[in-house]
Amino acid sequence: MVECLETLPIGEEPTCPRGTEFGEPPAPGWSEEQECSSPTLPPCRPAPLAHRERLPVNFFKFQFRNVEYSSGRNKTFLCYVVEAQGKGGQVQATRGYLEDEHAAAHAEEAFFNTILPAFDPALRYNVTWYVSSSPCAACADRIIRTLGKTKNLRLLILVGRLFMWEEPDVQAALRKLKEAGCRLRIMKPQDFEYVWQNFVEQEEGQSKAFEPWEDIQENFLYYEEKLADILK
């Protein structure tokens, strides 16, 4: 299922929270001396949506919750921001979301099958994924092969949870992702807030504040430590 949410005007940059852990790609105008501090960023400004379709609130609260044991969470939700940059430095950003039920293509593969073909070889693309859980070994392999063939693509993946992280093949796949140039990190509380503000249904004419769950920071630190150990 693909939901196209929004295209920002050329020349405008989306205000996305970006950390610097695990070497995620810089936004246009970023330098080594600068570091974007997510907690101090203002929320993304609201903009007209192409189809007025977002994630239902209950889907977000259940599927994206960064619990240690993900029992019953049999879908993957992938929210994406695609920043296309031309030679003149102007940026056009598009965002949307995909989901899967693990019956057909996984959400990661669906992105490459439905979104990637529209990419212009003459442009440079910085793509950010906010995913409810990290890729399985098969999807990681597809990501690696795609990055190898698509030289104008840089990918940052932020995940709410680590999928089957104790399995040796999954750990090996995550390390190969890093070696292939894919930036991978765990979603921080402000990343969940960004998804809430930009990809989740809001009341008409209202924007309800994000309410972090009780153990959001604790679970972030738990998964951050696990990922750091895996990527050593």
- Query: Is any side-chain heavy atom of Val131 closer than 4.5 Å to a side-chain heavy atom of Phe77?
  - Reply: no
- pair Thr128-Leu155: side-chain heavy atoms closer than 4.5 Å: no
- Task: Check for a donor-acceptor pair, side chain of Asn126 on one end and backbone N or O of Glu83 on the other, with a separation under 3.5 Å.
- Result: no
- Task: Report, as yes or no, whether the 6.0 Å neighbourhood of atom NZ on Lys176 holds more than 12 heavy atoms from other residues, nucleotides or ligands.
- Result: no
- Going through the checks in order, is the side chain to side chain contact (heavy atoms under 4.5 Å, CB included) test met by Met164 and Asp169? CA-CA 9 Å; Met164 298 181 66; Asp169 62 328; over 6 Å; no
- Query: Under 6.0 Å between the ring centres of Tyr125 and Phe119?
  - Reply: yes
- Query: Closest approach of Ile115 and Val82, non-hydrogen atoms and distance?
  - Reply: CG2-CG2, 4.5 Å
- Non-hydrogen side-chain atoms of Val170 and Cys136 separated by less than 4.5 Å: no
- Message: Once rounded to the nearest 0.5 Å, what's the spacing between atom CD1 of Ile230 and atom NZ of Lys178?
- Response: 11.5 Å
- Query: Using the benzene-type ring in the case of Trp, are the ring centres of Trp213 and Phe220 under 6.0 Å apart?
  - Reply: no
- Query: Tell me, do Trp196 and Arg54 make a side-chain contact under 4.5 Å, heavy atoms counted?
  - Reply: no
- Measure the CG-CG distance between Leu153 and Leu116 for me, rounded to the nearest 0.5 Å. 6.5 Å
- Message: Set out, in order, the CA-CA distance, both residues' side-chain angles and the distance that settles side chain to side chain contact (heavy atoms under 4.5 Å, CB included) for Val127 and Arg154, then state yes or no.
- Response: CA-CA 6 Å; Val127 176; Arg154 300 181 69 184; over 6 Å; no
- Query: Atom CG of Leu177 and atom CZ of Arg183: how far apart are they, to the nearest 0.5 Å?
  - Reply: 12.0 Å
- Task: May I ask you to check whether Tyr97 and Tyr80 place their ring centres under 6.0 Å from each other?
- Result: no
- Message: Once rounded to the nearest 0.5 Å, what's the spacing between atom CD of Glu179 and atom CG of Leu231?
- Response: 9.5 Å
- Side-chain heavy-atom pair Arg65, Phe192 within 4.5 angstrom cut-off: no
- Item | Full working for side chain to side chain contact (heavy atoms under 4.5 Å, CB included) between Val159 and Trp129 | CA-CA 8 Å; Val159 302; Trp129 289 355; over 6 Å; no
- Any residue meeting salt bridge (Lys or Arg N to Asp or Glu O under 4.0 Å) with Arg142, in chain and number order, not counting sequence neighbours: Glu109
- Message: Do the side chains of Asp191 and Arg185 get close enough for a salt bridge, i.e. N-O under 4.0 angstrom?
- Response: yes
- Residue pair Ala173 / Ala137: nearest heavy atoms and the distance that separates them: CB-CA, 3.9 Å
- Message: To the nearest 0.5 Å, what is the distance between CD on Glu167 and CG on Leu162?
- Response: 13.0 Å
- Item | Residue pair Gln63 / Arg161: nearest heavy atoms and the distance that separates them | O-NH1, 2.6 Å
- Hey, could you give me the CG/CD distance between Asp215 and Gln217, rounded to the nearest 0.5 Å? 10.5 Å
- Task: State, with a plain yes or no, whether a side-chain heavy atom of Cys79 is found less than 4.5 Å away from one of Phe64.
- Result: yes
- Query: Hey, does Cys182 have a side-chain heavy atom less than 4.5 Å from the side chain of Ile157?
  - Reply: yes
- Evaluate the ring pair (Phe, Tyr, Trp, His ring centres under 6.0 Å) criterion for residues Tyr194 and Tyr130: first the C-alpha distance (whole Å), next the side-chain angles of each, then the deciding distance (0.1 Å), finally the verdict. CA-CA 10 Å; Tyr194 175 79; Tyr130 299 86; 5.1 Å; yes
- Query: Short question: side chain of Glu99, backbone of Leu78 - any donor-acceptor pair under 3.5 Å?
  - Reply: no
- Message: On a heavy-atom basis, which atom in Ile216 and which in Asn66 lie closest, and how many Å separate them?
- Response: O-ND2, 3.0 Å
- Of all the heavy-atom pairs spanning Cys139 and Glu108, show the shortest one and how long it is. SG-OE1, 3.5 Å
- Less than 4.5 Å apart, any side-chain heavy atom of Tyr222 and any of Glu68? yes
- Message: Ignoring hydrogens, what is the shortest heavy-atom contact between Ala107 and Thr76? Give both atom names and the distance.
- Response: CB-O, 3.9 Å
- Item | Leu227 and Leu184: CA distance, side-chain angles, deciding distance, side chain to side chain contact (heavy atoms under 4.5 Å, CB included) verdict | CA-CA 9 Å; Leu227 182 60; Leu184 181 67; 3.8 Å; yes
